[in-house]
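Data first, discussion second: the structure below is written as structure tokens.
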Amino acid sequence: MNKTFGYSRVSTSKQLSDSQIELLNEAGCDETFIEVQSGAHRKRPQLEKLLAMLGEGDTFLVVKLDRLSRSLHDLLSIAQEIEKKGAHLRSLQDPLIDTTSPNGKLIFGIFAVLAEYERDLIRARTLDGLAAARARGKILGRREALNQEQKDLLIELRQCGQSLRQLAETFGVSKTTISRYLRLADIP
């Protein structure tokens, strides 16, 4: 038998989810999962538990889409996971979001295309910006921790028997950084 699972989320323990729970119960949820965590985090225990329980024909019900996710990309990812299980997504206050109907699936598909388009635009703008910076002679990336003079001294001190810890303290960097420079210079 198909079930309807409700999902209620508030960001902090100071917020109340009572109104969400009441609306989900009125909508006929068989079970409601209550989360107290920011929607910015994808890893949410109650969400994961609910997604694991979903089966073919079940419905995942939220009061509003922002209770499920804070980003369109994340929302689409969750919706795809629901769809893979053969379940449906409905939002009480966003009536266009109802993947139990052809119109709801169409609207959600349009959202998916728009999200992909937005990601492509951001990627293109980022690449254009990096290319323009390089053309202006800007050196991109992280600055090296040691200059060439320091690297030469590092090799000399290591060959004189100083430990990684001593070298790290001398140059004010981590042992990992020292190891990386020594490895690049083929110094044990």
Looking at every non-hydrogen atom in both residues, tell me the closest pair between N2 and D30 and how far apart they are. O-OD2, 4.3 Å

Taking atom CD of Q148 as the centre, does the number of heavy atoms from other residues, nucleotides or ligands within less than 6.0 Å exceed 12? yes

For L182 against L164, the heavy-atom pair lying closest together: CD1-CD2, 3.6 Å

Under 4.5 Å between side-chain heavy atoms, hopping through other hydrophobics if needed: is there a path connecting L47 to L89? yes

Would you mind reporting whether D128 and R125 have side-chain heavy atoms less than 4.5 Å apart? no

Rounded to the nearest 0.5 Å, the CD atom of Q162 sits from the CG atom of L157 at a distance of 4.5 Å

Report yes or no: do V63 and V36 belong to one cluster of Ile/Leu/Val/Met/Phe/Trp/Tyr joined by side chain heavy-atom distances under 4.5 Å? no

Hey, are D120 and R123 close enough for a salt bridge, meaning a charged N less than 4.0 Å from a carboxylate O? yes

With sequence neighbours excluded, tell me which residues meet side-chain hydrogen bond (donor to acceptor under 3.5 Å, both in side chains) with Q80. none

Less than 4.5 Å apart, any side-chain heavy atom of R183 and any of R180? yes

Euclidean distance, L24 CG relative to T32 OG1, rounded to 0.5 Å: 5.0 Å

Nearest heavy-atom contact between I21 and I34 is CD1-CD1, 3.3 Å

Heavy-atom distance under 4.5 Å between the side chains of E31 and M53, does that happen here? yes

Has R9 got a side-chain atom pairing as donor or acceptor with F33's backbone, closer than 3.5 angstrom? no

I107 with F60, same ILVMFWY side-chain cluster at under 4.5 Å: yes

Rounded to the nearest 0.5 angstrom, the CG-CZ distance for L61 and F5 is 11.5 Å

Please list, one pair per line, the donor and acceptor atoms closer than 3.5 Å that link side chains of residues 167-175 to other protein atoms, with sequence neighbours excluded.
unit_1: E169; atom_1: OE2; unit_2: R165; atom_2: NH1; d: 3.1
unit_1: T170; atom_1: OG1; unit_2: Q166; atom_2: O; d: 2.8
unit_1: S174; atom_1: OG; unit_2: T176; atom_2: N; d: 3.4
unit_1: S174; atom_1: OG; unit_2: T177; atom_2: N; d: 3.1
unit_1: S174; atom_1: OG; unit_2: T177; atom_2: OG1; d: 3.1

Rounded distance [0.5 Å steps], CD1 in I187 versus CD in Q159: 4.5 Å

Under 4.5 Å between any side-chain heavy atoms of E35 and P45, yes or no? yes

Counting neighbours of CD1 on I122 that are heavy atoms of other residues, nucleotides or ligands and sit closer than 6.0 Å, is the number greater than 12? yes

Work out which heavy atom in A87 is nearest to a heavy atom in G55; give both atom names and the distance. CB-O, 3.7 Å

If I take atom NZ from residue K85 and atom CG from residue L51, how far apart are they, to the nearest 0.5 angstrom? 7.0 Å

Passing candidate, side chain to side chain donor-acceptor pair (under 3.5 Å) with Y7, options Q20, R44, R67: R44

Mind checking whether Y181 and Q150 have side chains closer than 4.5 Å, heavy atoms only? no

Could you give the distance from CE (M1) to CG (D58), rounded to the nearest 0.5 Å? 10.0 Å

Heavy-atom closest pair, residues L65 and D94: N-OD2, 3.0 Å

Could you tell me if the side chain of D98 sits less than 4.5 Å from the side chain of N103, heavy atoms only? no

Tell me, with the steps shown, if Q93 and L23 meet side chain to side chain contact (heavy atoms under 4.5 Å, CB included). CA-CA 10 Å; Q93 293 181 4; L23 289 169; 3.8 Å; yes

For residues G104 and S101, report the shortest heavy-atom separation together with the two atoms involved. N-OG, 3.0 Å

